[in-house]
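I have placed the structure first, in the form of structure tokens, so that the comments after it can refer back to it.
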Amino acid sequence: MLNFYLYSVSALTLATSYGATLIFVDGLLRYLFGVDTGYASREAMANGLGFALVAIPLWLVHWRWLGRLSADDEPATGHRFYLFTVVCLNAVAVMVAGSIGVTGLLRLFLGLEWPAAPAAVTVGVALVACGLSAWLWWHHVQALGGRGVMRLGLRVL
């Protein structure tokens, strides 16, 4: 039951942290680019930052707890499944968010978006999502075995 608790809380707080970060960035960019300098963008910043400030430490505590448990024994199938799931989801998120960001940048450069500010917000959020997903992908690949996994493929799963 402890493992179920740790994996559940880790997954939920990681997802909450990810979403809250993007909500904060969206509100911040809307405010900075003048798309919405009123209540909605400031509310998004407050909500995103509030959730992130609570969820990130909770994820860290549970992630480290999982790390200590898995270091004591041979990593269980459940642990590898969790890591592999996070790696796969973030690889897809890098592709999707990166594609949205690059496409948006190209549309801006080619003058297809007017006014440009709302499109710039979308591009900014997509590129932050791409970067955040890339970091999460790398972090969890390292937990799967780091460079050995990258060199040998994912056969260790």
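Reckoned from all heavy atoms, side chains included, excluding hydrogens, waters and symmetry mates.
Taking Arg107 as the reference, Glu113 meet the salt bridge (charged side-chain N to carboxylate O under 4.0 Å, His left out) condition, with sequence neighbours excluded. In this view, Thr85 and Phe81, Leu89 satisfy the side chain to side chain contact (heavy atoms under 4.5 Å, CB included) rule, not counting sequence neighbours. Partners of Tyr31 by side-chain hydrogen bond (donor to acceptor under 3.5 Å, both in side chains), not counting sequence neighbours: none found. Applying the ring-ring contact (aromatic ring centres under 6.0 Å, His included) criterion to Tyr7, with sequence neighbours excluded, gives His79, Tyr82. Residues meeting the salt bridge (charged side-chain N to carboxylate O under 4.0 Å, His left out) test with Asp26, sequence neighbours left out: Arg30.
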Working note: Leu69 + Leu2, criterion side-chain contact (heavy atoms from CB on, under 4.5 Å); need CA distance, chi angles, decisive distance, verdict.
CA-CA 10 Å; Leu69 287 178; Leu2 177 61; 4.0 Å; yes

Test Leu105 against Leu127 for side-chain contact (heavy atoms from CB on, under 4.5 Å), laying out the working first.
CA-CA 10 Å; Leu105 278 175; Leu127 293 178; 4.0 Å; yes

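Closest heavy-atom contact between Thr16 and Ala55: CG2-CB, 3.8 Å. Here the closest heavy-atom approach between residue Ala97 and residue Cys130 is recorded as CB-N, 3.6 Å. Shown here for Thr37 and Gly34, the closest heavy-atom pair between the two residues is CG2-CA, 3.9 Å. Across all their heavy atoms, Thr21 and Ala52 have their closest contact at OG1-CB, 4.3 Å. Looking at every heavy atom in both residues, Ala126 comes nearest to Ile100 through CB-CG2, 3.7 Å. Of all heavy-atom pairs between Ser133 and Ala93, the closest is OG-CB, 3.2 Å.
Within the 4.5 Å cutoff, no side-chain heavy atoms of Val128 are placed close to those of Leu29.
The CG atom of Asn90 lies 14.0 Å from the CH2 atom of Trp138; values are rounded to the nearest 0.5 Å. A distance of 10.0 Å separates CG of Leu60 from CG of Leu14, quoted to the nearest 0.5 Å. Leu112 contributes atom CG, which lies 11.0 Å from atom OG1 of Thr103 (distance to the nearest 0.5 angstrom). Atom CZ of Phe109 is separated from atom CG of Leu106 by 8.0 Å, given to the nearest 0.5 angstrom.
By the rule that hydrophobic residues join a cluster once side-chain heavy atoms approach within less than 4.5 Å of another member, Val94 and Leu144 end up as members of separate clusters. Residues Val125 and Leu132 fall within the same hydrophobic cluster, defined by Ile, Leu, Val, Met, Phe, Trp and Tyr side chains chained together at heavy-atom separations under 4.5 Å. In the hydrophobic cluster analysis, where Ile, Leu, Val, Met, Phe, Trp and Tyr join through side-chain heavy atoms closer than 4.5 angstrom, Phe24 is grouped apart from Val123. Clustering ILVMFWY residues whenever any of their side-chain heavy atoms sit less than 4.5 angstrom apart, transitively, puts Val102 in a cluster other than the one holding Trp137. Val35 and Leu32 fall within a single hydrophobic cluster, where Ile, Leu, Val, Met, Phe, Trp and Tyr side chains are chained together by heavy-atom contacts under 4.5 Å.
Residue pairs meeting the ring-ring contact (aromatic ring centres under 6.0 Å, His included) criterion with at least one partner in residues 33-68, sequence neighbours excluded, are Tyr5-His62, Trp59-Trp63, Trp59-His139, Trp63-His139, Trp63-His140.
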